[in-house]
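Structure record follows, encoded as structure tokens.
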Amino acid sequence: MVQRDPPTAARISERVRGIKPQRIRVMFDLAAQQDGDLVHLELGEPDFDTPEHIVDAAAHAARTGHTKYTANAGIRPLREAITETVDPSLDPDREVIVTSGGVEALHLAIHTVANPGEEIVIPTPAWPNPISQARLAGANPVEVAMPASDGFAPDPDPIVDAIGPDTAAVVVTSPSNPTGQLFPEPALEAVLDAAVANRAYVIADEVYRQLTYVDPPQRAAALVDNPSWVVSLNSCSKTYAMTGWRVGWLTGPADVVGEMTKIHESTTSCVNTPAQHGAIAALTGPTEPVDEMKDAFHARRDFVVDRLQSVPHVEAAVPEGAFYAFVDVSALPGTSMDIAKQLLREYEVVTAPGDAFGAAGEDHVRLSFANERERLALGLDRFERMIQDSLVT
């Protein structure tokens with residue numbers, strides 16, 4: 001009889017074993033196990049419904065037979081709409097690929113440009129996916145802490161210092177998740193120059209670029225004479241309230257995008273076909289729904305910033321984009337995860353612990369203001385009460 005190992009001795013790759021569950025989702029799952037009137041401030045998801053004209057376009061596509069496989073890189077009308085939105089000089093046939101959200105775009109980029117053992121430089125605090133995806137690719141994520149004393153405003157000097165002959169890519173997210181800070185053009189130019197000098201790519205995460213409360217930042221690819229070392233990714237998720245539709249895209253030099261398409265073919269084949277038709281409507285349709293959402297986020301940003309400034313013992317830099325406040329809670333006892341769990345269990349507020357975004361995020365929690373004003377007010381009242389209770393002497 002063949003002897004089989006018990007289930008606990010399953011043979012799992014070391015790369016997969018080394019990936020820990022994201023703490024944002026850990027908090028989401030803990031909240032699902034708890035009853036009560038929970039205020040959800042943990043997920044980066046617009047609370048608005050997808051605009052009707054987008055839903056109608058996808059429904060029409062499904063009802064009229066657009067339910068088959070598409071080209072791996074996506075339907076051409078969508079790739080054309082992406083080029084018109086991003087950069088009309090792009091070749092929709094060779095320099096654009098439609099992906100299953102921004103997450104897959106990042107996955108394709110890192111796996112295509114990084115060899116095992118090479119380095120991916122990531123300014124932190126940062127969205128955790130570049131860190132985990134670098135490890136899954138066998139590359140080494142190099143976290144470069146931005147100065148907490150300056151609200152994590154991007155500082156190019158330590159990033160440039162981290163770029164060297166072993167660097168495969170630098171991931172630049174502007175505006176930042178979780179801090180909402182923008183990369184100033186001079187800082188981005190310095191990083192681009194250092195990367196190109198070392199034959200390293202810049203992976204420009206521009207998912208929140210259209211959700212800014214100042215002038216939108218210049219695209220990284222537009223700041224260099226030859227953008228052959230820049231790969232850009234974006235998504236419909238945040239701007240158009242389409243998180244569940246899973247439509248994103250990636251643009252870059254034709255030779256690199258062609259290699260990415262091979263991975264895409266082997267993982268997801270192509271993006272959901274009706275969703276691609278919905279994305280065309282998102283990119284080419286009326287802008288009023290997007291403007292209304294952006295105005296609402298702006299008003300909420302101002303409300304949250306004003307409210308936090310009235311709370312003693314905490315600080316938060318004013319976010320320039322996205323819909324997060326990254327709050328310094330170092331005055332409170334415990335780790336950021338301890339504080340997040342206490343907020344959930346005792347005060348029914350769900351947040352993301354700062355260490356979910358790299359070691360530089362410790363002593364912070366991320367609050368998403370993609371929620372109704374009344375719920376934000378309730379959550380912040382409870383947050384202040386926890387601070388008062390924790391610091392009573």
Side-chain angles (χ1 to χ4, degrees), residues 24 27-28 31 36-49 51 125 150-153 174-182 207-217 237-241 243 287-332 336 339-340 343-344 347-354 357 361 363-391:
I24 307 168
M27 293 305 303
F28 180 82
D37 180 26
L38 303 185
V39 179
H40 285 272
L41 305 179
E42 81 278 24
L43 291 184
E45 181 170 57
D47 59 314
F48 297 94
D49 292 331
D150 197 19
F152 299 108
S174 182
S176 164
N177 171 12
T179 68
Q181 300 302 306
L182 289 168
V207 165
Y208 293 96
R209 183 172 175 270
Q210 290 174 271
L211 289 174
T212 60
Y213 311 114
V214 294
D215 290 337
S237 291
K238 315 297 183 177
T239 304
Y240 303 101
T243 52
T287 62
E288 288 81 4
V290 173
D291 294 337
E292 290 172 6
M293 285 189 282
K294 183 175 176 179
D295 288 345
F297 289 138
H298 196 163
R300 294 174 188 177
R301 190 280 305 260
D302 293 345
F303 169 73
V304 168
V305 168
D306 288 346
R307 183 71 181 83
L308 286 171
Q309 288 176 346
S310 71
V311 177
H313 309 296
V314 301
E315 294 181 1
V318 178
E320 299 170 300
F323 34 65
Y324 309 109
F326 204 54
V327 187
D328 184 338
V329 291
S330 58
L332 302 180
S336 61
I339 294 166
L343 267 170
L344 169 62
Y347 298 87
E348 298 184 332
V349 179
V350 198
T351 61
F357 307 98
D363 293 330
H364 292 72
V365 294
R366 189 192 74 176
L367 310 180
S368 168
F369 48 84
N371 207 331
E372 295 178 355
R373 172 77 168 263
E374 294 75 13
R375 300 300 289 174
L376 289 171
L378 177 59
L380 290 169
D381 286 345
R382 293 175 177 178
F383 178 58
E384 182 173 12
R385 190 163 68 249
M386 188 208 77
I387 293 168
Q388 292 170 343
D389 293 346
S390 299
L391 297 177

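Since the model is a prediction, treat every value here as computed from it, not as a measurement.
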Please report the interatomic distance [atom1]([X]) to [atom2]([Y]), rounded to the nearest 0.5 Å.
X	Y	atom1	atom2	answer
K238	E45	NZ	CD	7.0 Å
L343	L38	CG	CG	11.5 Å
Y240	T287	OH	OG1	9.0 Å
T351	M27	OG1	CE	5.5 Å
S336	R366	OG	CZ	12.5 Å

Could I get the full list of ring-ring contact (aromatic ring centres under 6.0 Å, His included) partners for [X], not counting sequence neighbours?
X	answer
F303	none
H298	Y213
F383	none
F369	none

F323 and F297 aromatic ring geometry - parallel, tilted or perpendicular at 30°/60° bounds: tilted
Nearest atoms (heavy-atom pairs only) where [X] meets [Y]:
X	Y	value
D49	A241	O-CB, 4.0 Å
A296	F48	CB-CZ, 3.6 Å
A331	L391	O-CD2, 3.4 Å
F28	E42	CD1-OE2, 3.3 Å
A316	L308	CB-CD1, 4.0 Å
A370	P46	CB-CA, 4.1 Å

Quick one: does [X]'s side chain get under 4.5 Å of [Y]'s, heavy atoms only?
X	Y	result
P125	F152	yes
V305	P319	yes
H364	D328	yes
I339	M386	yes

Can you name the residues that form a side-chain contact (heavy atoms from CB on, under 4.5 Å) with [X], not counting sequence neighbours?
X	answer
R209	E206, P217, R219
D363	S330
S237	S235, T243, R246
A317	Q181

By salt bridge (Lys or Arg N to Asp or Glu O under 4.0 Å), which residues pair with [X], not counting sequence neighbours?
X	value
R382	D37, E348
D302	none
D47	R300
E384	R307

Look only at the side chain of [X] and the backbone of [Y], and say whether a donor-acceptor pair between them is shorter than 3.5 Å.
X	Y	result
K294	T212	yes
S368	L43	yes
Q210	T239	no
N371	L41	no

side-chain contact (heavy atoms from CB on, under 4.5 Å) between Y208 and Y324, intermediate numbers included: CA-CA 11 Å; Y208 293 96; Y324 309 109; 2.5 Å; yes
Enclosure of E372 CD (heavy-atom neighbours >12, cutoff 6.0 Å): no
Neighbour count >12 (heavy atoms, 6.0 Å) for atom CG, D291: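 Yes, CG of D291 has more than 12 neighbouring heavy atoms, counting only those of other groups under 6.0 Å.
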CA sep, side-chain torsions, deciding dist, call: L380, V304, side-chain contact (heavy atoms from CB on, under 4.5 Å): CA-CA 8 Å; L380 290 169; V304 168; 4.2 Å; yes
Worked verdict on F357 versus I24 for side-chain contact (heavy atoms from CB on, under 4.5 Å): CA-CA 9 Å; F357 307 98; I24 307 168; 3.7 Å; yes
